[in-house]
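Everything numeric here is computed off the predicted structure, so don't read it as measured data. Here is the naming used below: chain letters follow the sequence lines, and residue numbers restart at 1 for every chain.
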Amino acid sequence: MVSTGITPSGIFHIGHIREILTGDMLTRAALDAGMEVEMIFIIDTADPLRKVYDFLAPEFENYIGHPIGAIPAPDGAGKPSEGGNYGEHFLSPFVEALKLIGVEPRLVDNYQSYLEGRFNPAIRTFIDKREQAREIIERVSGRELEDDWFPFNPVGSDGSMDGVVVVGHDWPVIHWRDSLGVEGSCDLSQTGVFHGKLPWRLDWPAKWAWLGVTCEPFGKDHGAAGGSYDTGSELSALLDYEAPLPLTYEWIQLKGMGAMSSSSGITIGPLEALRLVPPEILRYLIARNKTNRHIDFDTGDALIELADEYEHLLGRVAQEGDVMAGDLKRRQKVAWEVDRAQIRLSQVKRGTQPELEATSVSFRHLAMLAQIRESDDDIWGSLHSSGHLATPQPSTTLAKRLSCIRVWIGSEHFPEGFRLRIQSQPSAAALENVTPQAREYLSALAAELAHCEWSTDSINNAIRKLAIEYEIVLRQAFILLYWIFLDQHYGPKMASLLFELPRSEVVALLGGVVTE
RNA sequence: GGGUCUGUAGCUUAGUCAGGUAGAGCACCUGGCUCUUAACCAGGUGGCCGCGGGUUCGAACCCCGUCAGACCCGCCA
C-alpha cells in the first residue's frame with residue numbers, strides 16, 4: 001500500500017505533482033515487478049486553517065482553526081462563498097491535472113475518515129499511552145511539549161481547534177475548555193460528527209495504521225532527522241504497526257526563483273504547467289531525476305532540451321528493443337535498464353507503447369511551425385506533404401503537444417531566442433551583410449525561387465546550387481539568409497522555413513534586398 | 001546551537017550503499033553526408049570528483065575536520 005497525501009490549504013503547485021508522481025511511479029514499478037499494490041492519496045481536509053492567506057478575504061479570520069473540509073470555499077474575491085467546501089475547492093483542479101498525467105489513485109478524505117471514527121482506535125491508544133507518546137516526541141524531535149499537551153485536539157464551542165485544552169477524559173468522552181473559556185465534552189463513539197483530530201505527528205502514524213500503509217514518499221521536510229517521520233515511526237510502534245518504508249524526495253524549484261511557495265506567489269499550478277508541458281514530458285522530468293535531487297522547473301530553453309532528450313531517449317530505447325546487447329559491464333546494464341524504466345514510467349497510460357510518430361516531428365520543428373502557421377490543419381497538412389507524417393491526421397500525443405506549444409509561445413515563458421520574427425522589410429543588420437557578390441547571388445536566387453517547384457528540396461537545392469555558382473561559402477549564404485528573413489544569424493532549417501512562407505513574400509523580400 | 005541531505009566537465013548529471021585506471025546528455029570544435037546553425041552520422045577538446053587531513057597496495061566512494069547551499073529541530077504541504 002503506497003500512500004501519498006497533501007493538505008489542500010491553498011492553491012496546489014507543481015511541487016505537489018512530485019509527491020503524487022513519485023508515488024505513482026513507485027506503484028507502477030512495483031506492479032511491473034509483479035507485486036500487488038494500491039496507491040492512495042490522502043486529502044488532509046481535517047487539518048485546520050492556519051491563517052488568513054494572501055488570497056483570502058479578512059472574513060476568513062472567523063474560520064481559523066476550523067478543519068478545511070468544513071469551511072466554505074473562497075470565491076473569486078477571496079470571500080467565503082456558498083458553493084462547495086474549502087478543501088474541495090482547491091483539490092478538484094488538482095485531481096483534474098492528475099487525470100491528464102495518468103494518475104488515478106484512490107482518494108481518501110481525512111475529514112470524512114474522522115467522521116467515520118476511523119481514527120478512534122489510534123486516538124484511544126495514544127490517550128492511554130500519552131506519556132510514552134510525549135516522551136518520544138520530546139526525545140526524537142528535541143522539542144519540549146506544553147504541560148497541558150494532550151494527544152487529541154477537540155473542537156471548541158466556536159468550531160475552532162485552536163487554544164482548546166483537554167481538562168479531563170473518560171473514554172470515549174473528552175472534556176475540554178476552549179479559548180473563550182467555554183467548557184464542553186465530546187463523545188468519540190458518536191460518528192458523523194467532527195469532534196477534533198490528532199495533532200500532526202500522531203495523525204500520520206495513525207493513518208498508516210488504519211489504512212495499512214507500507215510505503216510512502218514524502219518531502220524532505222518530513223524526512224529530516226527529528227522530523228515527523230522519525231517520531232512517526234516510533235509512535236507507530238505504540239500502535240503495534242510497523243512504519244512504512246520511507247522515500248524522501250527533494251523539492252521542485254522554479255528556475256531562478258527558489259522554492260515554490262503559495263504564500264509568496266512563486267508558483268505554477270499543475271494545470272497551468274500542463275498547458276505548457278505535454279504530460280509525458282512532465283512525467284519524464286520526474287522520472288529522469290533521482291528523488292533526492294532538487295528539480296529546477298524551467299519553462300524556458302530547458303523545456304526544449306527536456307523534450308528533445310525525451311525524444312532521443314525514446315528513439316534509442318525503441319531501436320535497441322527489449323533484448324540487452326551481450327557483453328555489458330554492470331554499470332552499463334544498470335544504465336540500460338534505467339533508460340527503459342524512465343521511458344516506461346513517462347507514459348501517461350501504464351503499459352502502453354509510446355507513439356513513435358511523435359518523435360518523427362521534433363519539438364523544435366513543431367515550435368517553428370506553430371509560430372508561422374495559425375491553423376493546426378495547415379501544420380498537419382504541411383507535415384504530411386513534407387514527409388514527416390504518413391497522413392494529414394496527427395496522433396493525439398502530437399496534437400496535444402502542438403496545443404502545449406501554442407500556449408507556451410503565447411506565454412511569458414517562451415524564450416526570446418526561439419521566437420521567430422519573420423521580416424517583411426530588410427533590416428539594417430541584414431543589409432550590412434550584403435556584399436556586391438551576395439547581391440548578385442540573391443538576385444539569382446530570387447529569380448530561381450520565383451518559378452522553381454515549391455518544396456523544401458527544390459528550395460534547398462536552389463540556395464546551395466547558386467551559392468556554389470556565385471562562389472559563396474554555403475555557411476555564409478545561410479547566415480545571410482537568416483539575417484534577411486529573421487534579422488538574426490541563426491534559425492531553423494532555412495528550406496523548411498521558406499517552404500512555410502508564401503512564395504511571393506519570399507521573392508519580394510529578396511528583391512527588396514537586391515534593390516536596396 | 002544540534003541534526004539530515006547535497007557539492008563530480010561551461011550547464012544538467014551517473015557512479016558513493018558492496019574502494020580497483022571518472023561515464024553520459026547538452027553546449028563547443030573537426031570531419032562526412034553534393035538536405036544548413038534549431039538535421040543526421042563519425043570523431044574530438046574539456047574533470048586537483050568543494051577544500052584539508054586520515055585509513056589503505058589503491059579513495060569521487062570509507063573515517064575525521066572544514067567551507068558552501070537546501071531542509072528539519074515552533075504550526076504546516
For atom CG of A:Leu303 and atom P of B:rU12, their distance in whole Å: 17 Å

Opposite nucleotide pairing with B:rA22, Watson-Crick or G-U, both atom distances under 3.5 Å: none

Spacing between A:Ile11 atom CD1 and B:rC76 atom C1', to the nearest angstrom: 17 Å

Sugar-phosphate only, base, or nothing, as touched by A:Asp230 at under 4.0 Å among non-hydrogen atoms: nothing

cation_pi(A:Arg406, A:Trp408) dist<6.0 Å, angle<=45: no

Pairwise C1' distance, B:rA27 and B:rU12 [rounded to whole Å]: 11 Å

Nearest to side-chain heavy atoms of A:Ile479, which nucleotide of B:rU37, B:rU6, B:rC71: B:rU37

Rounded distance in Å between the C1' positions of B:rG58 and B:rG19: 8 Å

Distance in angstrom units between A:His365 NE2 and B:rC40 C1', rounded: 15 Å

Length of the line joining A:Asn460:CG and B:rC40:P, which is rounded to integer Å: 15 Å

Atom-to-atom span, CZ of A:Arg139 to P of B:rC72 - whole angstrom: 22 Å

Sugar-phosphate, base or nothing in reach of A:Arg18, heavy atoms under 4.0 Å: nothing

Sugar-phosphate only, base, or nothing, as touched by A:Gly227 at under 4.0 Å among non-hydrogen atoms: sugar-phosphate

Touch class at under 4.0 angstrom, heavy-atom based, for A:Gly5 against every strand present: sugar-phosphate

side-chain N/O A:His312 vs B:rC40 OP1/OP2, d < 4.0 Å: yes

Salt bridge A:Asp339-A:Arg288, side-chain N to carboxylate O under 4.0 Å: no

Base-pairing assignment for B:rC28 (Watson-Crick or G-U wobble, both under 3.5 Å): B:rG44

Whole angstrom value for the distance that separates P of B:rC35 from CG of A:Leu497: 19 Å

5′-ward residue of the pair A:Glu144/A:Lys290 relative to RNA chain B: A:Lys290

Side chain of A:Arg50 - closest among B:rU37, B:rC75, B:rC76: B:rC75

A:Arg288 CZ - B:rA24 P separation (whole Å): 17 Å

Any A:Arg464 side-chain nitrogen or oxygen under 4.0 Å from OP1 or OP2 of B:rC35: yes

Nearest-neighbour nucleotide for the A:Leu420 side chain, B:rU6, B:rA38, B:rC76 considered: B:rA38

Side-chain ion pair, A:Arg201 and A:Glu234, N-O less than 4.0 Å: no

Pairwise P distance for B:rA70 and B:rU30, with rounding to whole Å: 41 Å

Sugar-phosphate, base or nothing in reach of A:Phe218, heavy atoms under 4.0 Å: nothing

Check: A:Asp221 side chain, B:rA77 base, donor-acceptor under 3.5 Å: yes

Toward the 5' end of RNA chain B, by each residue's nearest nucleotide, A:Met368 or A:Asn289: A:Asn289

Complementary nucleotide for B:rC49 - Watson-Crick or wobble, under 3.5 Å: none

Side chain of A:Asn461 (C-beta onward), nearest among B:rC76, B:rA38, B:rC35: B:rC35

Worked verdict on A:Glu250 versus A:Arg18 for salt bridge (Lys or Arg N to Asp or Glu O under 4.0 Å): CA-CA 9 Å; A:Glu250 255 283 354; A:Arg18 188 167 200 180; 5.8 Å; no

Sugar-phosphate, base or nothing in reach of A:Ala367, heavy atoms under 4.0 Å: nothing

Gap between atoms CD and P, on A:Glu250 and B:rG7 respectively (whole Å): 11 Å

Of the listed nucleotides B:rC5, B:rC76, B:rG15, the one nearest the side chain of A:Asn292: B:rC5

